[in-house]
Amino acid sequence: MGENSIKALMVYYSFEGNVEFIASKVKSFLDLDLERLIPDVEPPRKGLGKFLAGGHSALFNKLPNLAALKHNISDYDQFIIASPVWAGTYTPAIGAFLRDNKIQGKRIYLIASSASGNAEKMLLKLEDALKGNNVVDTLSLQNPLKDPDSASTLIQNFCHRILN
Ligand SMILES: Cc1cc2nc3c(=O)[nH]c(=O)nc-3n(C[C@H](O)[C@H](O)[C@H](O)COP(=O)(O)O)c2cc1C
């Protein structure tokens with residue numbers, strides 16, 4: 001591994017590509033592994049049903065089953081966990097990951113992607129769900145795909161903070 005490497009796994013969920021973009025950027029700045037969560041249930045792609053079903057599942061913690069992970073969680077001591085904000089909280093796929101994997105005693109970095117730019121509540125809930133770990137730093141991005149260059153700069157700064 002190069003000098004820009006941390007022994008870390010980035011675990012993320014993306015429904016509409018923003019967090020996928022964030023993950024690809026992080027991967028370009030840090031030598032880490034990526035684990036994209038694949039749930040068996042997702043909201044409809046279009047229309048009001050997207051927000052109703054997605055928001056409902058997030059608010060009421062209706063957790064999906066996840067496809068088998070590609071990486072062995074116990075191989076890593078640092079994690080980046082990234083999620084869209086749904087109805088003010090983290091996505092059910094992330095909830096399912098935390099249900100299935102008892103994460104304890106790890107260094108953790110959180111990344112939120114939202115339309116409003118307000119991810120404070122989601123980050124607090126995620127920190128709460130990660131009790132027993134050391135949440136070192138967080139990053140909140142607003143609609144990163146709308147201005148990929150600005151988002152890329154913020155992600156690069158965050159990655160450098162993580163390294164130092
Ligand atoms: C079901 C659903 C609920 C959402 N709820 C919120 C919300 O409460 N607050 C917010 O700022 N954005 C909300 N959004 C917007 C997403 O957080 C935002 O578009 C995010 O960047 C999407 O990431 P993705 O493209 O990786 O799926 C919601 C989007 C969906 C689909």
Side-chain angles (χ1 to χ4, degrees), residues 8-30 32-71 73 76 78-101 103 108-130 135-159 161-162:
L9 182 65
M10 179 164 178
V11 177
Y12 68 98
Y13 171 70
S14 184
F15 182 56
E16 299 181 296
N18 288 275
V19 177
E20 178 63 40
F21 166 80
I22 295 169
S24 71
K25 282 291 162 187
V26 169
K27 176 83 182 160
S28 76
F29 298 126
L30 295 175
L32 46 52
D33 296 327
L34 296 183
E35 180 75 57
R36 182 178 185 160
L37 301 177
I38 309 292
D40 64 348
V41 178
E42 289 183 302
R45 289 277 147 194
K46 286 187 188 150
L48 198 54
K50 175 170 88 173
F51 293 102
L52 289 178
H56 185 272
S57 64
L59 272 179
F60 295 98
N61 214 30
K62 286 185 67 182
L63 303 182
N65 295 312
L66 298 177
L69 302 184
K70 296 190 167 68
H71 300 87
I73 296 305
Y76 300 88
Q78 302 195 65
F79 292 85
I80 298 177
I81 298 177
S83 175
V85 175
W86 280 8
T89 188
Y90 53 88
T91 46
I94 296 291
F97 172 76
L98 297 176
R99 172 199 63 200
D100 297 348
N101 300 278
I103 309 281
I108 304 206
Y109 304 86
L110 303 179
I111 302 179
S113 182
S114 66
S116 64
N118 181 2
E120 215 39 54
K121 201 173 99 189
M122 178 272 222
L123 291 169
L124 286 173
K125 284 191 178 186
L126 200 42
E127 280 198 47
D128 197 50
L130 285 161
V135 177
V136 185
D137 207 345
T138 66
L139 175 67
S140 168
L141 295 168
Q142 182 174 14
N143 290 328
L145 282 178
K146 282 202 177 148
D147 186 352
D149 291 342
S150 303
S152 180
T153 303
L154 294 171
I155 295 162
Q156 184 170 26
N157 292 342
F158 182 72
C159 290
R161 265 204 330 262
I162 288 180

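Whatever order the structure lists them in is the order used to number ligands and atoms, beginning at 1.
- Salt-bridge formation is detected for the pair Glu16/Lys50: a Lys NZ or Arg NE/NH1/NH2 atom is positioned less than 4.0 Å from an Asp or Glu carboxylate oxygen.
- Contact residues for ligand 1 (protein heavy atom closer than 4.0 angstrom to any ligand atom): Ser14, Phe15, Glu16, Gly17, Asn18, Val19, Lys50, Phe51, Gly54, Gly55, Pro84, Val85, Trp86, Ala87, Gly88, Ser113, Ser114, Ala115, Ser116.
- No donor-acceptor pair under 3.5 Å is formed between the side chain of Asp40 and the backbone N or O of Pro64.
- Although no hydrogens or angles enter the test, the distance criterion places a donor-acceptor pair under 3.5 Å between the side chain of Ser57 and the main chain of Ala53.
- Checked against the 6.0 Å centroid threshold, Phe51 and Trp86 do not count as a close aromatic pair.
- Not a single salt bridge (charged side-chain N to carboxylate O under 4.0 Å, His left out) links Glu120 to another residue, sequence neighbours left out.
- Comment: Glu20 engages Arg36 in a salt bridge, judged by a side-chain N to carboxylate O separation of less than 4.0 angstrom.
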